[in-house]
Amino acid sequence: MELVEERPYRFRIEPRGGMRVPGVVFASRALLADAEESLKQVVNVATLPGIVAASYAMPDIHWGYGFPIGGVAATDVDHGGVVSPGGVGFDISCGVRLLAADTDRRALEPALPAVMDGLDRAIPRGAGPGGVWHLTGPGQLERILQGGSRYAVEQGYGEERDLMRCEDGGAVADADVTRVSERARERGSGQVGSLGSANHFLEVQQVAEVYDETVAAAFGIAAGQVCVMIHCGSRGLGHQICTDHVRAMDRAMTRYGITVPDRQLACTPVHSPEGRAYLGAMAAAANYGRANRQLLSDAARRVFRSAAGTRLSLVYDVSHNLAKAETHTVAGRRRRLCVHRKGATRAFPPGHPDLPEDLREFGQPVLIPGTMGTASYVLTGVPGGDAFFSTCHGAGRVMSRHQAARAVTGTELRARLEAGGIAVRPRSLRGLSEETPEAYKDVGEVVAASESAGLCRTVARLVPLGVLKG
DNA sequence: ATGTGC
């Protein structure tokens with residue numbers, strides 16, 4: 001793959017063959033070692049009908065289904081632009097939520113074991129069914145799919161203020177529950193309010209370092225403060241929706257005269273029946289993922305209140321796997337776009353009208369979940385942000401699950417983390433070993449490259465005190 | 001990511 005370094009941390013792949021736009025990759029050379037397969041995916045995405053500006057990749061790019069993880073692609077909906085489920089990923093609306101406690105690490109210390117034991121009991125996790133809500137009637141899942149976090153708050157699982165700190169106010173209005181298959185509903189109905197497995201987690205963290213005092217203060221965080229970070233998505237429901245709609249688009253594509261270099265890029269125009277159906281179902285999954293994080297926040301709040309007398313207030317909730325209707329200026333013209341972000345986080349700049357009023361002058365909080373036992377980051381959007389105001393989403397794997405499990409046993413890893421002062425409550429020791437830090441890139445490098453590329457600014461680094469995993 | 005395979 002021919003990468004031209006346009007400037008430090010920004011590489012370009014010139015359009016050729018079926019590419020309609022160039023590829024643009026934000027990274028260091030070091031982060032792109034072994035990226036050959038995922039760079040090919042950047043090139044493939046550049047062939048999609050209606051794509052504008054470039055096929056972008058963030059510094060945490062790695063191989064994914066069709067699109068690379070860490071990919072951003074926008075299509076012009078008024079000029080045949082397509083939507084592709086592979087550009088969102090199987091875990092629709094996977095994202096991160098950060099809550100700030102009204103206490104610091106030292107004050108929490110004596111209560112930490114009780115907090116961890118309480119969370120261990122209160123937070124459903126791991127593969128398969130189980131969630132904090134047991135649905136009572138047939139209409140309840142539909143209300144979750146329509147109402148997202150807003151519905152959870154209406155039912156008493158949160159505060160009205162939470163919704164101000166959620167992307168889209170906690171729910172999007174364009175969910176179409178009729179496009180969510182019976183099978184997806186079945187899978188989703190038993191998992192409402194659950195973490196899932198793999199890289200999903202709930203961590204008790206402390207703010208280890210603040211890089212921008214003013215912005216951190218506006219976000220409600222300070223050095224030493226205890227926080228709770230929740231990383232999870234839409235579980236089996238989102239997975240089934242992706243499966244269903246990839247299949248439908250794969251069958252329909254030729255009717256629209258669309259050919260793609262990889263079947264995993266199955267897509268149809270945004271304004272086709274199949275495109276609208278996917279976007280309606282995707283929005284329902286997005287609301288499900290948000291309700292999921294809202295319910296887990298409420299469960300965590302109850303534990304902190306009873307075990308430590310501590311309150312948790314929401315900093316922000318943002319997804320890194322979504323396609324969204326956004327208007328951007330491209331080549332001097334305002335265009336209505338379908339922006340796919342897959343393993344990439346929206347990072348609106350200061351002054352953006354969609355930000356809550358009290359955060360508007362500081363930019364959007366961007367939440368980066370780190371590898372277990374290392375660090376997580378809070379970033380903020382910056383003026384002139386490239387790639388339709390997007391940045392990285394996390395570390396990115398370098399080792400397969402199998403390799404990781406061979407490198408360390410769960411028991412060894414737990415002992416290592418505990419020796420480092422991190423309490424661990426795993427559901428499965430095998431699952432824990434698959435998430436060993438050496439299986440991932442250094443998230444600090446990813447964040448530094450994102451900032452150097454001009455995609456965001458680093459606000460704070462958080463380190464874990466306790467980890468709950470699936 | 002995922003009732004960890006079609």
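Chain letters run A, B, ... following the sequence lines, proteins first and then strands; every chain starts at 1. Here the structure is a predicted model, which means the values were calculated and not measured.
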Gap between atoms CG and P, on L322(A) and dA1(B) respectively (whole Å): 16 Å

Test item: R416(A) and T436(A) side chains (from C-beta on) under 4.5 Å apart, heavy atoms: yes

For atom CZ of R397(A) and atom C1' of dT2(B), their distance in whole Å: 14 Å

Shortest non-hydrogen contact between R165(A) and F219(A), atoms and distance: NH1-O, 4.1 Å

R125(A) CZ to dA1(B) P, straight-line distance once rounded to whole Å: 17 Å

Gap between atoms CG and P, on D244(A) and dA1(B) respectively (whole Å): 21 Å

Atom-pair distance (CZ on F201(A); P on dA1(B)), nearest Å: 11 Å

Counterpart residues, salt bridge (Lys or Arg N to Asp or Glu O under 4.0 Å), relative to R251(A) (two or more places apart): none

Ring center gap for Y65(A) and F90(A) short of 6.0 angstrom: yes

Using atom names, set out every protein N or O paired with an N or O of nucleotides 3-6 of chain B below 3.5 Å, distance rounded to 0.1 Å.
residue : atom : partner : partner atom : Å
dG3(B)  : OP1  : R187(A) : NH2          : 2.0
dG3(B)  : OP2  : Q191(A) : NE2          : 2.9
dG3(B)  : O6   : R183(A) : NE           : 3.3
dG3(B)  : N1   : R187(A) : NH1          : 3.4
dG3(B)  : N2   : R187(A) : NH1          : 3.0

Euclidean distance, atom NE2 of residue H200(A) to atom P of dA1(B) [Å, nearest integer]: 5 Å

Of all pairs that satisfy side-chain hydrogen bond (donor to acceptor under 3.5 Å, both in side chains), the ones with a partner from residues 41-58 of chain A, not counting sequence neighbours: K40(A)-N44(A)

Whole angstrom value for the distance that separates C1' of dA1(B) from CD1 of I69(A): 8 Å

Minimum heavy-atom distance L195(A)-I230(A), with the two atoms named: CD2-CG2, 4.2 Å

